[in-house]
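Here the structure comes first, spelled out in structure tokens, and everything after it is commentary.
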Amino acid sequence: MIFRATITIGLKEGMLDPEAAAIRHALGNLGFVTGDLRTKKLFIIRFEAADQQEAEEKAKAMCERLLANPVIHRYEVEVGA
């Protein structure tokens with residue numbers, strides 16, 4: 001069965017986000033004053049799995065083995081058929 005995983009990866013609280021700081025600064029230069037700004041990455045992945053549970057396990061393994069660094073990142077996984 002084909003599943004679709006939506007994976008969102010962001011930095012943990014307290015981690016510096018230089019990309020967000022640069023974007024916030026640039027927005028300020030354009031006249032858009034903002035408060036806190038954080039960046040996240042979104043991955044949408046289609047893959048095969050036997051069932052929902054296996055699909056969730058595979059998506060989490062993708063995060064832990066490649067997509068996220070568990071020391072500095074947190075991730076959210078949503079899996080659907």
Side-chain angles (χ1 to χ4, degrees):
M1 185 173 198
I2 301 293
F3 287 88
R4 176 183 165 177
T6 303
I7 299 170
T8 306
I9 298 174
L11 292 167
K12 289 182 177 179
E13 283 299 317
M15 299 302 300
L16 294 177
D17 190 342
E19 182 179 12
I23 293 168
R24 184 172 182 251
H25 180 75
L27 286 171
N29 288 341
L30 294 171
F32 300 105
V33 179
T34 63
D36 189 34
L37 190 146
R38 306 289 290 174
T39 59
K40 292 187 178 186
K41 291 184 180 180
L42 177 69
F43 296 91
I44 299 171
I45 305 171
R46 293 175 56 86
F47 58 94
E48 251 185 71
D51 56 31
Q52 180 77 21
Q53 182 178 346
E54 182 183 333
E56 290 174 6
E57 289 171 2
K58 281 186 172 184
K60 288 177 184 177
M62 290 176 195
C63 292
E64 293 180 12
R65 295 182 65 194
L66 178 68
L67 300 176
N69 176 344
V71 174
I72 63 170
H73 294 122
R74 57 187 168 81
Y75 60 86
E76 298 170 15
V77 175
E78 292 180 34
V79 176

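In plain terms, the two heavy atoms of Tyr75 and Lys60 that are nearest each other are OH-O, 4.0 Å. Here the shortest heavy-atom pairing between Arg46 and Ile2 reads NH2-CG2, 3.5 Å. Ala59 and Ala5 make their closest contact through CB-CB, 4.0 Å (heavy atoms, listed as atom of the first residue, atom of the second, distance). Closest of all the heavy-atom pairs between Cys63 and Val77 is SG-CG2, 4.0 Å.
Atoms NZ and CG, from Lys40 and Leu11 in turn, are 10.0 Å apart once rounded to the nearest 0.5 Å. Between the OG1 atom in Thr8 and the CG atom in Leu42 there is a gap of 5.0 Å [rounded to 0.5 Å]. Distance check, rounded to the nearest 0.5 Å: CG of Leu66 to CZ of Phe43 gives 8.0 Å.
Side-chain atoms of Lys12 come within 3.5 Å of backbone atoms of Pro70 as a donor-acceptor pair (strictly under, hydrogens ignored). In this structure, His25 contributes its side chain and Ala21 its backbone to no donor-acceptor pair below 3.5 Å. Without hydrogens or angle criteria, Arg24 side chain to Thr34 main chain gives a donor-acceptor distance under 3.5 Å. Distance alone, capped at 3.5 Å, is enough to place a donor-acceptor pair between the Gln52 side chain and the Val79 backbone.
Heavy-atom neighbours of Lys41 NZ from other residues, nucleotides or ligands within 6.0 Å: at or below the threshold of 12. Counting non-hydrogen atoms of neighbouring residues, nucleotides and ligands closer than 6.0 angstrom, the CG atom of Leu16 reaches no more than 12 such neighbours. Remark: Glu54 CD is packed, more than 12 non-hydrogen atoms of other residues, nucleotides or ligands lying under 6.0 Å away. Within 6.0 Å of CZ on Arg38 lie more than 12 heavy atoms contributed by other residues, nucleotides or ligands. For Glu78, the CD atom is loosely surrounded, since the number of other residues' heavy atoms within 6.0 Å does not exceed 12.
Side-chain contact check for Met15 versus Asp17: every heavy-atom pair is 4.5 Å or farther apart. In this structure, Phe3 and Glu56 have side chains that are not in contact, with every pair of non-hydrogen atoms separated by 4.5 Å or more. Between Met62 and Phe47 the shortest side-chain heavy-atom distance falls below 4.5 Å. Contact of the Leu67 side chain with the Ile45 side chain is registered, since non-hydrogen atoms from C-beta on lie closer than 4.5 Å.
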